[in-house]
Trainee: 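Sharing a structure here in structure tokens format.
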Amino acid sequence: MEDRYRAKAIEDKWQRIWEENRTFQVTENPGKPKYYVLEMFPYPSGRIHMGHVRVYAIGDVIARFRRMKGYNVLHPMGWDAFGLPAENAAIERGIHPAKWTTENIVYMRDQLKKMGISYDWDREIATCDPEYYRWEQLVFIRMLERGLAYRKRSTVNWCPSCQTVLANEQVEGGRCWRCESEVSKRDIDGWFFKITAYADELLDGCDRLTGWPERVIAMQKNWIGRSEGAEFDLPVVGYPDLKIRVFTTRPDTGFGMTYAVLAPEHPLVDQLVTEPSEQAEVERFRAEVLKQSEQERVAEDRPKHGLRLSARVINPFSGREIPLFIADYVLMIYGTGAIMAVPGEDQRDWDFAKTHELDIIETVNRPAEWSGEAFTGDGIKINSGFLNGLTVAGAKRRAIDWLVERGLGEARVNYRLRDWGISRQRYWGAPIPVIYCNACGMVPEREENLPVVLPHDVQISGKGGSPLTTHAAFVSAACPRCGGPARRETDTMDTFVESSWYFLRYCSPRFEGGIVERDAAVYWMPVDQYIGGIEHAVLHLLYARFYTKVLRDLGLVKVDEPFNALLSQGMVVKDGAKMSKSKGNVVSDDVIRDKYGADTGRLFELFAGPPEKDLEWSDQGVEGAYRFLTRLWRFTFQHREALIAARSDFSPNDLPGDLRNLYRLIHRTIKKVTEDIESRFHFNTAIAAIMELLNALSASVQDESKREIGTPVIKAGLETIITMLYPFVPHIASELWESLDHRGGLDAVTWPQYSEAALEEEQLLIVVQVNGKVRGKITVSADVDQTRIESEALQDQKVRSFLDGKKVQKVIHVPRRLVNIVVEG
RNA sequence: GCCCGGAUGGUGGAAUUGGUAGACACACGGGACUUAAAAUCCCGAGGACCCGGAAGGGUCCGUGCCGGUUCGAGUCCGGCUCCGGGCACCA
């Protein structure tokens with residue numbers, strides 16, 4: 001053993017050993033409990049930096065800890081390898097996306113190995129591999145057969161910079177999630193996955209995801225946006241064949257409907273407006289709305305614009321004729337694209353009614369002190385005919401019954417969630433396995449022809465459109481049905497499709513008979529602990545849940561939910577901003593490794609705070625982590641020979657008091673560290689406890705007089721420290737373990753166990769309070785009874801000076817902790 | 001506007017069920033070692049005030065703000081302030 005801690009040599013050595021021994025390769029083993037831990041796989045964008053390392057360090061602690069606990073641990077890694085940056089690199093630097101991606105993978109794989117993350121590299125996958133995406137194409141065809149994948153023309157989000165369509169989930173505040181360009185609207189044909197068919201199941205499932213952070217659940221529920229209400233028809237005056245269908249969550253307010261509104265692009269508008277001058281007015285209004293929606297979309301308090309139509313409708317509740325508008329505050333994409341307006345109980349309708357001088361009828365009795373505008377609270381119904389006297393909830397039910405009885409409408413649930421648009425007009429993605437035949441129309445590719453391989457020989461210019469559209473050999477195809485000339489689909493799939501099932505592929509990554517080998521999936525799924533950034537709270541995590549349910553319904557897997565527990569780790573922040581290449585504040589992993597070693601980098605990130613919080617990078621914090629490892633190294637080096645020579649067994653009862661305290665501390669630390677890792681992921685406090693134990697060992701060895709009898713306790717303490725540090729800093733822990741004459745590394749060593757007997761205290765420190773303020777502390781033997789403790793507390797010198805002859809009203813005794821003496825005054 | 005979080009020393013953070021607030025670490029100050037520095041080791045430390053020659057001892061205040069429950073509140077309840085995040089004419 002060297003006297004100095006040389007991280008690099010140690011890390012190289014153990015990484016080589018792990019590789020040669022295939023230490024982390026696993027197979028299904030029904031004899032052992034399984035544990036599947038997974039970090040969200042990265043996009044191979046170039047280099048990993050210390051901002052990225054955090055999530056892998058967290059995953060590695062969990063993986064290594066679970067192995068020591070006797071689990072058969074699946075901890076795989078792969079690459080989310082399709083995506084735009086590869087194409088951008090091709091445009092900017094003339095490198096083929098495949099080459100760029102592969103080179104990045106090679107580099108990043110090496111970085112992860114150098115950080116000592118314990119992956120089963122035999123299971124590595126890259127989503128751009130045809131042997132990967134072929135299964136996605138097969139699932140696509142199955143989804144097509146069941147109507148879960150469909151093609152339609154629709155108004156979509158278009159990113160002018162990425163030159164492609166974006167899903168709703170990929171637009172953030174009107175901007176592209178990736179490049180932050182302003183997103184515009186476009187009418188385009190494209191492919192959709194029918195995620196709305198699973199809206200209820202995805203929502204209900206949220207409540208069963210008890211291992212997920214609440215805020216992620218809240219975001220998903222929010223995104224799905226279920227609202228219950230009713231849909232019913234408004235007859236149009238003078239048009240006996242026309243009815244306007246409206247959706248409302250407040251059917252109880254029907255009597256307060258004083259006008260109705262259609263979305264400007266509502267198809268009925270053209271039938272209602274026949275007179276040329278009104279038609280012209282409508283056209284002018286629509287153009288205005290279109291223009292304004294571009295600019296004013298983000299405005300705080302958007303004024304509501306509307307145009308009154310000559311047509312009028314009937315309020316079926318009151319039987320009254322009411323005016324009809326088209327207005328920009330009603331959206332075609334939600335509900336029926338038409339609303340009943342109730343200004344008394346809806347603030348938007350109230351605002352609109354005020355500007356257009358429309359009637360306002362209150363249908364809920366206001367509280368006495370109420371002074372607002374529209375009232376949305378609960379109360380007793382008024383001005384509402386047969387609903388009068390009911391509460392809001394009761395009136396809702398009654399109103400729906402009434403609509404149903406008269407055949408006017410029915411109860412109805414609406415969702416904010418919309419189908420997932422998966423078409424991307426880009427090259428570097430998985431081809432959609434569909435062919436357009438002049439005779440047969442749209443036909444899926446034959447299964448035996450899968451995969452539809454993305455052609456390699458393309459020219460990527462970046463000047464609009466996918467290079468696939470001009471790739472003759474790819475586009476021209478024979479119709480799978482009639483054999484006639486046909487054209488291949490040139491859209492590729494959203495890369496979120498690949499990441500919706502990669503966790504399944506890891507179960508049997510080379511399986512050639514399907515997406516996943518059934519037995520492997522049954523054994524490994526679901527993922528026991530998933531770890532990733534909060535930015536995927538709705539995107540990836542919602543898609544993956546949906547896709548898993550689809551695969552279940554296709555009979556391919558048995559689980560309902562892919563991720564049993566989720567840990568959303570915080571960002572790594574430096575100089576007030578998220579550590580990222582574009583912000584120019586990255587700390588390079590090899591600088592940290594060269595100067596301190598991978599273990600130090602890992603330890604710092606795990607110690608600086610709990611994983612779910614943001615972590616502020618601190619060079620001094622890194623120094624501190626390094627100092628701790630150096631101290632541990634030196635301590636081991638100094639006492640090594642004595643410790644190797646020392647006995648491993650000793651009788652705790654024969655130890656003098658202070659060594660028995662140390663022995664107790666060892667067991668207390670095991671308990672704390674185990675619980676902190678296992679149930680809370682509070683690695684920072686686990687590490688702090690280990691540091692305290694080392695501090696105690698250091699203090700103890702100063703006492704020369706106890707050398708003889710103390711060494712076995714020190715040995716037990718140090719070996720416990722080294723073993724428990726292994727998940728955090730595996731290289732130095734392995735090396736120190738070996739230096740203490742242990743063969744075979746730490747990888748197969750079991751996690752230390754604490755003994756309940758060893759935790760028992762002989763002396764208790766009891767806090768004595770007077771009227772809730774700490775006034776003294778007494779030490780008593782643990783077997784002393786309560787009355788004795790209380791009388792000792794009352795007799796304590798300091799305590800007595802506060803009692804000062806006052807009358808003791810009562811004494812509160814919390815066993816083993818404190819005595820609170822309550823006196824008057 | 002609605003829905004989630006969060007606020008604790010100079011700093012990152014502890015305090016898991018209401019029971020000694022500030023563990024552990026960073027930074028800082030003092031000391032030892034050294035010709036000197038670095039490294040290392042030891043000691044100190046929430047704030048204000050008081051007693052004492054000193055070592056030391058004591059009192060009060062203190063977990064964003066106001067109030068409540070309780071013998072006792074960082075922790076529970078009500079009302080705010082500020083910060084972060086999500087959604088947002090979704091009927």
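Below, read A as the first sequence line, B as the second, and so on, with proteins coming before strands; counting in each chain starts at 1.
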Trainee: Nearest to the A:E214 side chain among B:rG5, B:rG86, B:rA21, which nucleotide is it?
Mentor: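 Among B:rG5, B:rG86, B:rA21, the one nearest the side chain of A:E214 is B:rG5.
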Trainee: For the residue pair A:F317 and A:F232, is the inter-centroid distance of their aromatic rings smaller than 6.0 Å?
Mentor: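 Judged by ring-centre distance (under 6.0 Å), A:F317 and A:F232 do meet the cut-off.
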Trainee: Both distances below 3.5 Å, Watson-Crick or wobble geometry, any strand: find the nucleotide opposite B:rG5.
Mentor: B:rC83
Trainee: Nearest nucleotide by nearest heavy atom, which residue falls closer to the 5' end of RNA chain B, A:R817 or A:L331?
Mentor: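 With A:L331 and A:R817 compared, the 5'-side residue is A:R817.
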Trainee: Only pairs with both distances under 3.5 Å count, Watson-Crick or wobble alike; so what is the partner of B:rC24 in this structure?
Mentor: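 WC or wobble partner is B:rG12.
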Trainee: Polar-atom pairs under 3.5 Å, protein N or O versus N or O of nucleotides 44-47 of chain B: list them with distances, or write none.
Mentor:
none

Trainee: Between A:H356 and A:Y259, is a ring pair (Phe, Tyr, Trp, His ring centres under 6.0 Å) present by the stated rule, with each step listed?
Mentor: CA-CA 11 Å; A:H356 290 83; A:Y259 64 98; 8.1 Å; no
Trainee: A:D349 near the nucleic acid: base, sugar-phosphate alone, or nothing, with a heavy-atom cut-off under 4.0 Å?
Mentor: nothing
Trainee: Say you pick atom P in B:rC76 and the same atom in B:rG10; how far apart are they, in whole Å?
Mentor: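 Between the two P atoms, the distance is 25 Å.
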Trainee: Please give the nucleotide sitting opposite B:rA36 as a Watson-Crick or G-U wobble pair, both distances under 3.5 Å, or none.
Mentor: none
Trainee: Given that A:D346 and A:L615 both sit by RNA chain B, which one's nearest nucleotide is further toward the 5' end?
Mentor: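 Closer to the 5' end of RNA chain B: A:L615.
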Trainee: Given that both distances must come in under 3.5 Å, which nucleotide forms a Watson-Crick or G-U wobble pair with B:rU69?
Mentor: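 Across all strands, not a single nucleotide pairs with B:rU69.
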Trainee: Side chain of A:I812, heavy atoms from C-beta onward: which of B:rG58, B:rU16, B:rG19 has the nearest atom to it?
Mentor: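 Per side-chain heavy atoms of A:I812, the pick is B:rG19.
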Trainee: Rounding to an integer number of angstrom, what distance separates B:rU70 and B:rC77 when you compare their C1' atoms?
Mentor: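 So the two C1' atoms sit 12 Å from each other.
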Trainee: Measure from the side-chain heavy atoms of A:P610 and tell me the nearest of B:rG13, B:rA23, B:rA88.
Mentor: B:rG13
Trainee: Between B:rC66 and B:rA73, how far is it from one P atom to the other, in whole Å?
Mentor: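 Straight-line distance between the two P atoms is 15 Å.
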Trainee: Among B:rG58, B:rU16, B:rU59, which is the nearest nucleotide to the side chain of A:F802?
Mentor: B:rU59
Trainee: Below the 4.0 Å mark, does B:rU20 have OP1 or OP2 next to a side-chain nitrogen or oxygen of A:R775?
Mentor: no
Trainee: I want to check one thing: is the phosphate of B:rA14, taken as OP1 and OP2, less than 4.0 Å away from some side-chain N or O of A:N684?
Mentor: yes
Trainee: If you measure from the C1' atom in B:rG44 to the same atom in B:rG6, how many Å do you get, rounded?
Mentor: 33 Å
Trainee: Identify whether the glycosidic angle of B:rG9 places it syn (within 90° of 0) or anti.
Mentor: syn
Trainee: If you check the A:A688 side chain, which of B:rC71, B:rC24, B:rU20 turns out closest?
Mentor: B:rC24
Trainee: A:E623 near the nucleic acid: base, sugar-phosphate alone, or nothing, with a heavy-atom cut-off under 4.0 Å?
Mentor: nothing
Trainee: Looking at A:R631, does any N or O in its side chain come under 4.0 Å of the phosphate oxygens OP1/OP2 on B:rA25?
Mentor: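 It does, given that an N or O in the side chain of A:R631 lies less than 4.0 Å from OP1 or OP2 of B:rA25.
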Trainee: Taking OP1 and OP2 of B:rG13, is either one under 4.0 Å from a side-chain nitrogen or oxygen of A:T685?
Mentor: no
Trainee: Among B:rG12, B:rC89, B:rA91, which is the nearest nucleotide to the side chain of A:D328?
Mentor: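 Of B:rG12, B:rC89, B:rA91, B:rC89 is nearest to the side chain of A:D328.
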Trainee: Whom does B:rU75 pair with, Watson-Crick or G-U wobble, provided both distances fall under 3.5 Å?
Mentor: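 For B:rU75, the partner nucleotide comes out as none, under the 3.5 Å rule.
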Trainee: Quick check on ring pair (Phe, Tyr, Trp, His ring centres under 6.0 Å): which of A:Y596, A:F728, A:F628, A:W617 does A:F604 satisfy it with?
Mentor: A:W617
Trainee: Output the single nucleotide from B:rC24, B:rG58, B:rA15 whose closest atom is nearest the side chain of A:M691.
Mentor: B:rC24
Trainee: On a heavy-atom basis, which atom in A:R800 and which in A:L794 lie closest, and how many Å separate them?
Mentor: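 Scanning both residues completely, I find the closest heavy atoms to be CG-O, 3.1 Å.
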Trainee: Picking from B:rA91, B:rA27, B:rG19, which would you name as closest to the side chain of A:R627?
Mentor: B:rA27
Trainee: Determine which nucleotide pairs with B:rU63, using a 3.5 Å limit on both distances of a Watson-Crick or G-U wobble pair.
Mentor: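 Its partner is none (no Watson-Crick or G-U wobble pair with both distances under 3.5 Å).
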Trainee: Considering Watson-Crick and G-U wobble pairs with both distances under 3.5 Å, what does B:rG29 pair with?
Mentor: B:rC43
Trainee: Does a side-chain N or O from A:K810 land closer than 4.0 Å to OP1 or OP2 of B:rC71, or not?
Mentor: yes
Trainee: Do A:D796 and A:K798 meet the salt-bridge criterion of a basic N to acidic O distance under 4.0 Å?
Mentor: no
Trainee: Do the charged groups of A:E410 and A:R412 touch, with an N to O distance under 4.0 Å?
Mentor: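 A salt bridge is absent here (no side-chain N lies under 4.0 Å from a carboxylate O).
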Trainee: Distance check: side-chain N/O of A:R416 vs OP1/OP2 of B:rC89, anything under 4.0 Å?
Mentor: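 Checking B:rC89 against A:R416, no side-chain N or O comes under 4.0 Å of OP1 or OP2.
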Trainee: Which nucleotide in the set B:rC26, B:rA25, B:rC71 lies at the smallest distance from any side-chain heavy atom of A:N820?
Mentor: B:rC71
Trainee: Is the phosphate of B:rG13, meaning OP1 or OP2, less than 4.0 Å from a side-chain N or O of A:K613?
Mentor: yes
Trainee: Would you say B:rA39 has OP1 or OP2 under 4.0 Å from some side-chain N or O of A:R4?
Mentor: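 For B:rA39, neither OP1 nor OP2 has a side-chain N or O of A:R4 closer than 4.0 Å.
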Trainee: Suppose you measure atom C1' in B:rA21 against the same atom in B:rA45; what distance do you get, rounded to whole Å?
Mentor: 16 Å
Trainee: Using both distances under 3.5 Å as the test, list the Watson-Crick or G-U wobble partner of B:rG56, or none.
Mentor: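 Per the H-bond distance test, B:rC51.
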Trainee: If the P atom of B:rC43 is compared with that of B:rG12, how far apart are they to the nearest Å?
Mentor: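 Nearest-Å result for B:rC43 against B:rG12 at atom P: 26 Å.
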Trainee: Under 4.0 Å between a side-chain N/O of A:K773 and OP1 or OP2 of B:rC61, yes or no?
Mentor: yes
Trainee: Check the orientation of A:H536 and A:H540. Use parallel for under 30°, tilted for 30 to 60°, and perpendicular for over 60°.
Mentor: perpendicular
Trainee: Choose from B:rA25, B:rG85, B:rA91 the nucleotide whose nearest atom is closest to any side-chain atom of A:Y334.
Mentor: B:rA91
Trainee: Heavy atoms only, 4.0 Å cut-off, all strands: where does A:V330 land among base, sugar-phosphate and nothing?
Mentor: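 Base, at least one base heavy atom under 4.0 Å.
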Trainee: Indicate, with a heavy-atom threshold strictly under 4.0 Å, whether A:G335 touches base, sugar-phosphate, or nothing.
Mentor: nothing
